[in-house]
Protein chains: 2
Amino acid sequence: MNIGQAAEQSGVSAKMIRYYEQIGLISAPHRTGSNYRVYGSDEVHVLRFIKRARTLGFSVEETGALLALWQDKSRASGEVKDIASDHIAALETKIAELQGMVKTLKHLVHCCQGDNRPDCPILDDLAGEPAHKGH
Amino acid sequence: MNIGQAAEQSGVSAKMIRYYEQIGLISAPHRTGSNYRVYGSDEVHVLRFIKRARTLGFSVEETGALLALWQDKSRASGEVKDIASDHIAALETKIAELQGMVKTLKHLVHCCQGDNRPDCPILDDLAGEPAHKGH
DNA sequence: TATAATCCTTCCCATCATGGGAAGGTCAAG
DNA sequence: CTTGACCTTCCCATGATGGGAAGGATTATA
């Protein structure tokens, strides 16, 4: 199968398949006499694994670690659990950060009249000016 | 004041100040005879505004729009409110997405023994295999 | 005053993951 | 045998930031 089919079956674009090969995440496939990459179901399976990991927010580097563990028959599941747990913690930190932003912005929007007057507490906040009215 | 002081007083690195100038977010400051950039308190005020907006997760482009509204005395606060509201919606979408990832990962981690046995439901999920045990 | 340390300047490169597109070779169907 | 769809490699762009080199300017110290 050519790279186009492999892309379609795995959900990973042909561009990205070549990129993953280039950075060593996947190994170089066989080539036809005319230099086309040839993939089989094993390779597509690997690509699907990568796609799923990326969808779950693992970085390419983390995905590589998970892939190595997946392909290592004698691996210990503890390592995988650690990677996943670390990733959960990182995601939760990010979520908390975004929630902090939302909270602040909602407060500002709530204070803002949103009419045609130039007075705007959102801009005042950005400019570092003290709030004039509590709520 | 030189760029170093302006950076210190605004919390924006000298590198980024030059970058913001380059992309037109801020205007080019005066230069000394020896080609040093010179900043005053007005410029620092602008940089603080930018810093605050970036901290709240606005993109540089959005920050530029807010900056223009801030500097436009006849602006309507409704425009600002719209930008902020859109940004809140985008943040909330992102948060929901991350929460979805966390939920899936927590489920997988919960199912994983985390011991030295090679059996690992997390990897099985990534590989697209059906789960064997409910919970 | 001479020299060293600290600043400033521009310029290039790297990140991370992805896409766009050009120039050119290959293959299959009509 | 032509046409269109595919493949190849190579370069460039994103967004926001940092690193670092090479060289000029200023400031502090010996």
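Labels below follow one simple rule: chain letters A, B, ... track the order of the sequence lines, proteins then strands, and each chain is numbered from 1.
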Any donor-acceptor pair under 3.5 Å from B/Arg37 side chain to B/Ala28 backbone: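 Absent.
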Whether B/His87 side chain and B/Glu62 backbone form a donor-acceptor pair below 3.5 Å: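 No, because the side chain of B/His87 does not come within donor-acceptor range (under 3.5 Å) of the backbone of B/Glu62.
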OP1 or OP2 of [N] versus the side-chain N and O atoms of [X]: is any pair under 4.0 Å?
| X | N | value |
| --- | --- | --- |
| A/Ser13 | C/dG19 | yes |
| A/Tyr20 | C/dA17 | no |
| B/Tyr19 | D/dG15 | no |
| A/Ser34 | C/dC27 | yes |

Parallel, tilted or perpendicular, as decided by the 30° and 60° cut-offs, for the rings of B/His45 and B/Trp70: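 Judged by the thresholds at 30° and 60°, the geometry between B/Trp70 and B/His45 is perpendicular.
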Could you tell me the separation between the [atom1] atom of [X] and the [atom2] atom of [N], rounded to a whole number of Å?
| X | N | atom1 | atom2 | result |
| --- | --- | --- | --- | --- |
| B/Lys15 | C/dC12 | NZ | C1' | 9 Å |
| A/Tyr36 | D/dA5 | OH | P | 14 Å |
| A/Lys51 | C/dA17 | NZ | P | 14 Å |
| A/Ile17 | C/dA17 | CD1 | C1' | 15 Å |
| A/Gln5 | D/dC7 | CD | C1' | 11 Å |
| A/Asn2 | D/dA5 | CG | C1' | 11 Å |
| B/Leu25 | D/dT17 | CG | P | 10 Å |
| A/Ile3 | D/dA5 | CD1 | C1' | 15 Å |

With a 4.0 Å cut-off on heavy atoms, is [X] in touch with a base, just the backbone sugar-phosphate, or nothing at all?
| X | answer |
| --- | --- |
| A/Arg54 | sugar-phosphate |
| A/Arg37 | sugar-phosphate |
| B/Thr32 | nothing |

Most 5' of A/Asn35 and B/Val60 on DNA chain D, judged by nearest nucleotide: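 Nearest-nucleotide comparison on DNA chain D picks A/Asn35.
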Whether over 12 other heavy atoms sit under 6.0 Å from B/Glu8 CD: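 Atom CD in B/Glu8 is not crowded, with 12 or fewer foreign heavy atoms closer than 6.0 Å.
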Point-to-point distance, once rounded to the nearest 0.5 Å, from CD of A/Glu92 to CD of A/Gln99: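 The CD atom of A/Glu92 sits 10.0 Å away from the CD atom of A/Gln99.
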Nucleotide nearest B/Met16 when distance is taken to its side chain, options C/dG19, C/dC27, D/dT17: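 My answer, after comparing the listed nucleotides, is D/dT17.
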